[in-house]
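Being a predicted model, the structure only gives us computed values, none of them experimental.
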Amino acid sequence: MGESQLLDTQRAFDSVAADYDGPRGNNELIQRMRVSLWETVLEHIPAGSSLLDLGCGTGIDAIEFARCGYQVAATDWSPQMVGRTKSRAAAAGLESQVTATHLGIHQLDKLQDEFDGIYSNFGPFNCVPDMRSIAAECARLLRPNGHLVLSVIGRICPWEVVHYTLRGRFRRAAVRTRRGATAVGMNRHTIWTYYYLPREFYRAFAEHFVLENYRALSLFLPPPYLVDYYRSHRRWCERLGWLDDHLGALPILRNMGDHFLIVMRRR
């Protein structure tokens with residue numbers, strides 16, 4: 001992935017920053033996955049710790065963690081998203097606990113601070129090249145035994161395959177099977193995206209991190225862009241949500257889903 005592709009991705013997220021808190025970026029299914037990451041961070045990183053948020057978006061996660069007592073350094077490759085995070089922190093009176101900086105994950109060498117934990121939600125790591133160098137930078141920025149908690153877009157999403165196959169959109173149904181940077185459209189822009197299986201993703205981090213656990217997110221539940229189906233079949237989907245909660249960490253099943261949530265500890 002070259003600089004022009006990184007800029008394509010930046011422009012795509014800049015273009016949606018103004019309304020990304022709405023259905024595009026924060027509907028009920030997204031919020032359900034968001035809470036899974038919140039709970040996992042709270043479980044592994046004590047309140048009062050310092051956190052680095054990679055790909056902070058409009059700052060929803062950063063504000064939540066600040067309210068829980070963390071000190072959060074929020075970063076994003078989209079300057080418009082960073083602006084939204086700063087505004088959110090100011091509105092919440094949390095400017096002393098949340099800093100927001102225009103910084104891409106591929107630019108971590110510019111950071112010199114140390115953190116107790118690093119997290120990233122909803123796939124920012126899917127949009128960056130050279131994962132091994134990023135893994136080394138994450139290890140450098142984390143204190144010993146610090147945790148890395150990441151929500152990553154997975155390679156196998158059964159709902160997506162069925163949804164697009166039934167509509168005759170076979171190339172779209174198979175988009176996650178592609179290797180290398182894949183062009184994904186958003187708001188008439190392009191996001192260049194890599195897709196991963198959990199173990200495939202972890203290989204880039206294995207030199208510096210111990211894999212503690214991973215689980216599927218939105219495996220039985222539909223992915224967030226099918227929120228209309230969820231709203232029309234809420235009772236049925238709540239049962240599917242129970243299956244996600246209770247079966248999503250099982251072998252084989254944890255390798256599928258719209259996203260996976262992976263927890264690693266610095267060696």
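The distance from atom CG of Leu7 to atom NE2 of His189, rounded to the nearest 0.5 Å, is 12.5 Å. One finds the CZ atom of Arg265 at 10.5 Å from the CG atom of Leu211 (value rounded to the nearest 0.5 Å). Rounded to the nearest 0.5 angstrom, Leu221 CG and Glu28 CD are separated by 11.5 Å. One finds the CD1 atom of Ile262 at 12.0 Å from the OG1 atom of Thr40 (value rounded to the nearest 0.5 Å). Between His147 atom NE2 and Asn145 atom CG the span is 7.5 Å, to the nearest 0.5 Å. In this structure, CG on Asp130 lies 10.0 Å from CD on Glu137, to the nearest 0.5 angstrom.
Both Ile156 and Leu247 are members of a single hydrophobic cluster when ILVMFWY side chains are connected at heavy-atom separations under 4.5 Å. Under a hydrophobic-cluster definition in which Ile, Leu, Val, Met, Phe, Trp and Tyr are linked whenever side-chain heavy atoms come within less than 4.5 Å, directly or via other members, Tyr202 and Tyr194 are assigned to the same cluster. Residue Phe260 is not grouped with residue Leu29 when hydrophobic side chains (ILVMFWY) are merged at heavy-atom distances under 4.5 angstrom, including chains of intermediate members. Under a hydrophobic-cluster definition in which Ile, Leu, Val, Met, Phe, Trp and Tyr are linked whenever side-chain heavy atoms come within less than 4.5 Å, directly or via other members, Leu217 and Tyr225 are assigned to different clusters. If you chain together hydrophobic residues whose side chains sit under 4.5 Å apart, Leu150 and Leu219 never meet in one group.
In plain terms, the two heavy atoms of Ile105 and Ile134 that are nearest each other are CG2-CG2, 3.7 Å. The nearest pair of heavy atoms linking Pro224 to Asn27 is O-ND2, 3.1 Å. The heavy-atom pair separating Ser15 from Ala12 by the smallest distance is OG-O, 2.6 Å. Nearest heavy atoms, Phe201 versus Val152: CZ-CG2, 3.9 Å. Residue Gly257 comes nearest to Pro158 through the heavy atom pair N-CD, 4.1 Å, listed as atom of the first residue, atom of the second, then distance. Scanning both residues, Ile63 and Ala89, for their nearest heavy atoms gives CD1-CA, 3.5 Å.
Between Ile118 and Leu51, every side-chain heavy-atom pair lies at or beyond the 4.5 Å cut-off. For the pair Leu103/Leu54, no side-chain contact is recorded, criterion being any heavy-atom separation below 4.5 Å from C-beta on. Ile60 has its side chain within reach of Asn26: a pair of non-hydrogen atoms, C-beta onward, lies under 4.5 Å apart. Residues Leu261 and Met33 are not in side-chain contact: their nearest non-hydrogen atoms beyond the backbone lie 4.5 Å or more apart. Side-chain contact between Met81 and Thr58 is present, with heavy atoms from C-beta onward closer than 4.5 Å. Put simply, the side chain of Arg266 reaches to within 4.5 Å of the side chain of Pro144, judged on heavy atoms. No side-chain heavy atom of Met256 sits under 4.5 Å from any side-chain heavy atom of Trp159. Side-chain contact check for Leu141 versus Glu114: every heavy-atom pair is 4.5 Å or farther apart.
The main-chain N or O of Phe13 is never found under 3.5 Å from a side-chain atom of Trp77 such that the two would form a donor-acceptor pair. Not a single donor-acceptor pair under 3.5 Å links the side chain of Glu39 to the backbone N or O of Ser36. Thr165 contributes no side-chain N or O that, together with a main-chain N or O of Val162, makes up a donor-acceptor pair within less than 3.5 Å. No donor-acceptor distance shorter than 3.5 angstrom exists from the side chain of Ser151 to the backbone of Ser120, with no hydrogens or angles considered. The backbone N or O of Tyr230 lies less than 3.5 Å from no partner atom in the side chain of Arg234, so there is not a single donor-acceptor pair. In this structure, the side chain of Asp76 engages the main chain of Cys56 through a donor-acceptor pair within 3.5 Å. The closest donor-acceptor contact from the side chain of Ser218 to the backbone of Pro223 lies at 3.5 Å or more, if one exists at all. Between the side chain of Arg140 and the backbone N or O of Ala135 there is no donor-acceptor pair closer than 3.5 Å.
Note that Arg169 lies outside the cation-pi zone of Tyr164, set by a 6.0 Å cut-off to the ring centre and a 45° limit from the axis.
Residue pairs meeting the side chain to side chain donor-acceptor pair (under 3.5 Å) criterion with at least one partner in residues 91-107, sequence neighbours excluded, are Gln10-His102.
Tested against Asp258 for a salt bridge (Lys or Arg N to Asp or Glu O under 4.0 Å), the candidates Arg155, Arg176, Arg32 yield a single pass: Arg176.
The ring of Phe125 has its center no closer than 6.0 angstrom to the ring center of Tyr196. When ring centroids are compared, Tyr229 and Trp236 stay outside the 6.0 Å threshold.
Within a 6.0 Å sphere centred on CD of Glu207, heavy atoms belonging to other residues, nucleotides or ligands number 12 at most. Atom CZ of Arg239 is surrounded by 12 or fewer heavy atoms from other residues, nucleotides or ligands within 6.0 Å. In the displayed structure, Leu166 atom CG is contacted under 6.0 Å by more than 12 heavy atoms of other residues, nucleotides or ligands.
Under the rule for a salt bridge (Lys or Arg N to Asp or Glu O under 4.0 Å), Arg203 has no partner lying at least two apart in sequence or in another chain.
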Check the pair Ser49, Phe115 against side-chain contact (heavy atoms from CB on, under 4.5 Å), reporting the backbone distance first and the verdict last. CA-CA 8 Å; Ser49 300; Phe115 301 91; over 6 Å; no

Apply side-chain contact (heavy atoms from CB on, under 4.5 Å) to Asn213 and His44, showing your working. CA-CA 11 Å; Asn213 60 75; His44 288 89; 3.9 Å; yes

Worked verdict on Val41 versus Phe65 for side-chain contact (heavy atoms from CB on, under 4.5 Å): CA-CA 9 Å; Val41 169; Phe65 288 126; 3.6 Å; yes

Passes side-chain contact (heavy atoms from CB on, under 4.5 Å), Met131 versus Phe205? Steps please. CA-CA 8 Å; Met131 195 67 74; Phe205 293 81; 3.7 Å; yes

Assess the residue pair Asp14 and Ser78 against the criterion (side chain to side chain donor-acceptor pair (under 3.5 Å)); give the C-alpha distance rounded to whole Å, side-chain angles, the decisive distance to 0.1 Å, and a yes or no. CA-CA 6 Å; Asp14 276 348; Ser78 161; 2.4 Å; yes

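Salt bridge absent: Glu64 and Arg67 never bring a charged side-chain N and a carboxylate O closer than 4.0 Å. With salt bridges taken as basic N to acidic carboxylate O contacts below 4.0 Å, one links Arg84 and Asp21.
Using modelled atom types and a 3.5 Å distance limit, the side chains of Gln80 and Tyr20 yield no donor-acceptor pair. Side-chain atoms of Tyr119 and Asp61 form no donor-acceptor pair, as typed in the model, at a separation below 3.5 Å. Defined by atom type and a distance below 3.5 Å, a donor-acceptor pair is present between the side-chain atoms of Asp116 and Ser50. When only modelled atom types and interatomic distance are considered, Thr193 and Asn126 share no side-chain donor-acceptor pair under 3.5 Å.
Note on ring orientation: taking the six-membered ring where Trp is involved, the planes of Trp242 and His246 are parallel (angle under 30°, cut-offs 30° and 60°).
The hydrophobic cluster containing Tyr195, built from Ile/Leu/Val/Met/Phe/Trp/Tyr side-chain heavy atoms closer than 4.5 Å, also comprises Ile153, Val175, Val184.
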